[in-house]
Amino acid sequence: MMRLELAARPPFNFQATVRSHGWRRLAPFSWDEERLRRVERLSTGRVVKLAIGGSDELTGVIVAIRANEALTDGEVGEIEGKVRWMLGLEEELTDFYGLCEGEPALRHVVEEGKGHILRSPTVYEDVVKTICTTNCTWRQTEGMVGRLVERLGEPYPLEPLKAFPTPEAVAEAGENYLKQEVRMGYRASSIAQLSRQVASGDLDLEGLKHSSLGTAELYKWLKSIKGVGQYAAAHILSLLGRYDYLGIDTWARKLVSERFFDGAPVTDEEVQEVFAPWGKWRFLAYWFWDWVG
DNA sequence: TTCCAGGGGTAGA
DNA sequence: TCTACCCATGGA
């Protein structure tokens, strides 16, 4: 077992970051209220298991790595990069924190070091999972992603666990398999096409992490992906650290209706207007808004 | 049986 | 640009 200490830009709260998103409950992630675990396939083909936890000594996280053989420096570096991306350890949110001071419903963000959103190591995984959240219940999303990982992911040699499947594996399985075995319904065709395009190199999703495109262009680009509409594109943007679009779903409509419109039905425009003053931070303002208080 | 879930694509206007 | 309709799946 190997141990990696990774510092984060303060303020950073590991627990709050993991709890920020339902992603922690989608395979291959698992969460026991203390450590975030995940089997990960490295670019060398080696499959390792990560257990990420908070630390009292440093602002950041401690990563325990298990593998069947000693890892190379390159492999350890890859793991470090992936963990930093998943938890947004270097993300600069100072301006957002400044704005939160003036809003009672967001003061807890600064006080508790919130503001980071858990994401997957690859954009491909985040896009697949986002498509799997559309027009179905969360339980169905868990089922689809769970079966995808279980059936197509590469096995971890030391325990019966799998990594998130590569685009190549999903592309090779094909649309019918995704429909019949993974039970993705009509989403199967989108996921199959996406996986083929990523596997062939026609679609460079990972390049979006450091794209120089403006958010509006990125949004358009994402929407051109089959299966990615308004909601999904905005959600993916937020996982890329672009917070100036708000994805309106039934959940957002419900929250805004109850909190700002006394339970009356709201239009998407009304939801947008509520958060428009937050400008480039509007998604974070919505996401971390204290709806109960 | 019908409806709809943290929607999206398409045709037709 | 806007609307109506269809799209698998599974639970209420």
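Note that the coordinates shown come from a computational prediction; the quantities given were computed from them, not determined experimentally. Naming: A, B, ... by sequence-line order, numbering from 1 per chain.
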Close residues, residues 227-257 of chain A, relative to DNA chain B [heavy-atom separation under 4.0 Å]: A:Gly227, A:Val228, A:Gly229, A:Gln230, A:Tyr231, A:Ala232, A:Asp249, A:Thr250, A:Trp251

Those residues that, when tested against A:Lys82, pass salt bridge (charged side-chain N to carboxylate O under 4.0 Å, His left out) (two or more places apart): A:Glu40, A:Glu78

Protein-nucleotide distance (A:Glu142, atom CD; B:dA5, atom C1'), rounded to Å: 14 Å

Spacing between A:Ile191 atom CD1 and B:dG7 atom P, to the nearest angstrom: 15 Å

Just the table, please: protein N/O against nucleotides 10-13 of chain B N/O, every pair under 3.5 Å.
none

Rounded distance (Å) that lies between atom P of B:dG7 and atom CG of A:Leu222: 18 Å

Nearest-Å distance once atom P is located in both B:dG6 and C:dC2: 26 Å

Counterpart residues, salt bridge (charged side-chain N to carboxylate O under 4.0 Å, His left out), relative to A:Asp32 (two or more places apart): A:Arg37

Rounded distance (Å) that lies between atom P of C:dC2 and atom CG of A:Asp268: 11 Å

Set of residues satisfying side chain to side chain contact (heavy atoms under 4.5 Å, CB included) with respect to A:Thr72, sequence neighbours excluded: A:Glu75

Any residue meeting side chain to side chain contact (heavy atoms under 4.5 Å, CB included) with A:Trp287, in chain and number order, not counting sequence neighbours: A:Ser20, A:His21, A:Ile117, A:Phe283

Pairs meeting criterion side chain to side chain donor-acceptor pair (under 3.5 Å) with involvement of residues 91-104 of chain A, two or more places apart: A:Arg9-A:Glu92, A:Glu91-A:Tyr243, A:Glu92-A:Thr94

Qualifying residues under side chain to side chain contact (heavy atoms under 4.5 Å, CB included), relative to A:Ser55, sequence neighbours excluded: A:Glu57, A:Leu58, A:Ile62

Test item: A:Thr59 side-chain N/O and A:Ala8 main-chain N/O as donor-acceptor pair under 3.5 Å: no

Summary of side chain to side chain donor-acceptor pair (under 3.5 Å) pairs that have at least one residue in residues 247-256 of chain A, sequence neighbours excluded: A:Arg253-A:Asp268, A:Lys254-A:Glu258

Value in whole Å for how far the C1' atom of B:dG9 lies from CG of A:Leu194: 16 Å

Distances for protein N/O vs nucleotides 5-8 of chain C N/O pairs under 3.5 angstrom?
residue : atom : partner  : partner atom : Å
C:dA8   : O4'  : A:Tyr186 : N            : 3.2
C:dA8   : N6   : A:Asn135 : ND2          : 3.4
C:dA8   : N1   : A:Asn135 : ND2          : 3.4

Axial cation check for A:Trp85 ring with A:Arg119, 6.0 Å and 45° limits: yes

Rounded distance in Å - CH2 (A:Trp138) to P (B:dG7): 12 Å

Side-chain donor/acceptor pairs under 3.5 Å, residues 162-179 of chain A, sequence neighbours excluded:
residue  : atom : partner  : partner atom : Å
A:Lys162 : NZ   : A:Glu150 : O            : 2.6
A:Thr166 : OG1  : A:Ala169 : N            : 3.0

Whole-Å distance separating the CD1 atom of A:Ile225 from the P atom of B:dG7: 19 Å

Hydrophobic cluster of A:Leu158, others only, ordered by chain and residue number, side-chain cut-off 4.5 Å: A:Val39, A:Val47, A:Tyr156, A:Leu161

d(NZ, A:Lys129; P, B:dG6) in whole Å: 18 Å

